[in-house]
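This report concerns only the one structure given below.
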Amino acid sequence: MESTARRLSRLVDPIHEVAYRAAEPTTALMALGHRNYWDGYFAGRAAPLGRVPAEVIHAVFYNFADGEVARHIPKVWDTATPEAALAAREQGCVAALRRILGDLADAPGLARAADLATRAATSAPAEGRILYAALRTLPVPEEPVAKLWHAATLLREHRGDGHIAALVTADIGGTECHVLGALYNDVPAEKSGRVHHLPAAQLAAVVQGMRARGLIDAVGWLSDAGRQTREQIESLTDTLAAPAYDSLEPSELDQLIADLEPISATLDAAGSR
């Protein structure tokens, strides 16, 4: 049976993901002077942390290869301030959500979902959740679509911080987690969108290291131990994400799910683009 935390993740994630998939947020960040998509990605996502060095962002984001963050941080802060990046990102995400959702954007269910999701998102434990804690310091928007996106972002990054804790506990590194996820879904590592660009020798070394630990079998797919490791990581991630929803009564949780379902379905159908 699917846990409440995982079910809510499936409903919340498409709301947050317009930040990475829709054109409007990238356009808004590029209008600040950023050179490309990844400049905007790092500027927008890292902005709640302020002007911290690339090494800190690399540690917090966890799953980027060595050197990838440093190609953008701190250079992006010479282009626009973190505050400007935050404003542009939110503006673009709200515009994308309004375009995709149409009439749903002004429906009572969205405003109700925004209120309930915000209560959950601002009541979760922040200890050990670096990016989530940084986001918690930002003001909560009043406009319902912006409020819902902000809440979804808080919940997504709260779960993400917990997921990193689960990966560290399982001794799965940043590149290894992409290989593990790809193979779990029957996608060859070299075809995975997050690591296919790495030099072949570098990726092969990661795969070989996982094979030596018994996570990958002789033909390059997950072993039983590898599959079990992936499932244990996801289960612990669910457990660590669950306290975000403890502030809601069972009836409120049911209402939140009911209100999010048509929103999430519409975004899923559009690929959050």
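Atom set for the values below is all heavy atoms of this structure, side chains included, hydrogens, waters and symmetry mates excluded.
To the nearest 0.5 Å, atoms CG (N36) and CZ (R71) are separated by 10.0 Å. Note that CZ of R7 and CG of L256 are 10.0 Å apart. Values are rounded to the nearest 0.5 Å. Expressed to the nearest 0.5 Å, how far CG of L29 lies from CG of D39 amounts to 9.5 Å. Put simply, CZ on R136 and NE2 on H158 are 8.5 Å apart, with the number rounded to the nearest 0.5 Å. Distance check: I130 CD1 to I164 CD1 gives 10.0 Å after rounding to the nearest 0.5 Å. A distance of 6.0 Å separates CG of L154 from OH of Y132, quoted to the nearest 0.5 Å.
The side-chain heavy atoms of L267 and S264, taken from C-beta on, include no pair separated by under 4.5 Å. A 4.5 Å side-chain heavy-atom check between L138 and P48 finds at least one atom pair inside the cut-off. The closest side-chain heavy-atom distance from R35 to M30 is not below 4.5 Å. The shortest side-chain heavy-atom distance between R119 and D115 does not fall under the 4.5 Å cut-off. Within the 4.5 Å cutoff, the side chain of H163 has no heavy atoms near those of the L240 side chain. Counting heavy atoms from C-beta on, the side chains of T118 and H150 never come closer than 4.5 Å. Using a 4.5 Å heavy-atom threshold, the side chains of I263 and L11 count as separate. Side-chain contact between V195 and S192 is present, with at least one heavy-atom pair separated by less than 4.5 Å.
At distances below 3.5 Å, at least one donor-acceptor pair connects side-chain atoms of E68 with backbone N or O atoms of A65. Looking only at distances, a side-chain donor or acceptor of S223 sits under 3.5 Å from a matching main-chain atom of G214.
Among residue pairs with one or both ends in residues 92-104, those qualifying as salt bridge (charged side-chain N to carboxylate O under 4.0 Å, His left out) are E24-R99, R98-D106, R98-E143; sequence neighbours excluded.
Taking the ring axis of F64 as reference, the NZ or CZ atom of R194 stays within 45° of it and closer than 6.0 Å to the ring centre.
Shortest non-hydrogen contact noted between Y245 and A120 is CD2-CB, 4.0 Å. Considering every non-hydrogen atom in both L180 and G226, the closest pair reads CD1-O, 3.7 Å. Minimum heavy-atom separation, V179 to M210: CG1-SD, 3.8 Å. Closest of all the heavy-atom pairs between A88 and L32 is CB-CD1, 3.9 Å. H34 and G40 get closest at one heavy-atom pair: CB-N, 4.3 Å. The shortest non-hydrogen separation linking A241 to R159 is CB-NH1, 3.8 Å.
The distance between the ring centers of H16 and Y20 falls below 6.0 angstrom.
Shown here are the ring pair (Phe, Tyr, Trp, His ring centres under 6.0 Å) partners of Y37, two or more places apart in sequence or in another chain: there are none.
The existence of a salt bridge linking R227 and E231 is excluded, since no basic side-chain nitrogen approaches an acidic carboxylate oxygen closer than 4.0 Å. A salt bridge is absent between E252 and R112; no separation between the charged side-chain nitrogens and carboxylate oxygens falls under 4.0 Å.
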Stepwise side chain to side chain contact (heavy atoms under 4.5 Å, CB included) test for T153 and W149 = CA-CA 6 Å; T153 299; W149 180 79; 3.3 Å; yes
Under the salt bridge (Lys or Arg N to Asp or Glu O under 4.0 Å) rule, what do E2 and R6 come out as? Steps first, then yes or no, please. CA-CA 7 Å; E2 187 176 49; R6 190 169 299 188; 5.7 Å; no
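Connection of L116 to L135 is not established within any shared hydrophobic cluster, with ILVMFWY side chains joined at heavy-atom distances below 4.5 Å, either directly or through further cluster members.
A tilted orientation is assigned to the rings of F42 and W38, their planes being inclined by 30° to 60°.
Test L97, D259, L260, V145 against L110 for side chain to side chain contact (heavy atoms under 4.5 Å, CB included) and you get one pass: V145.
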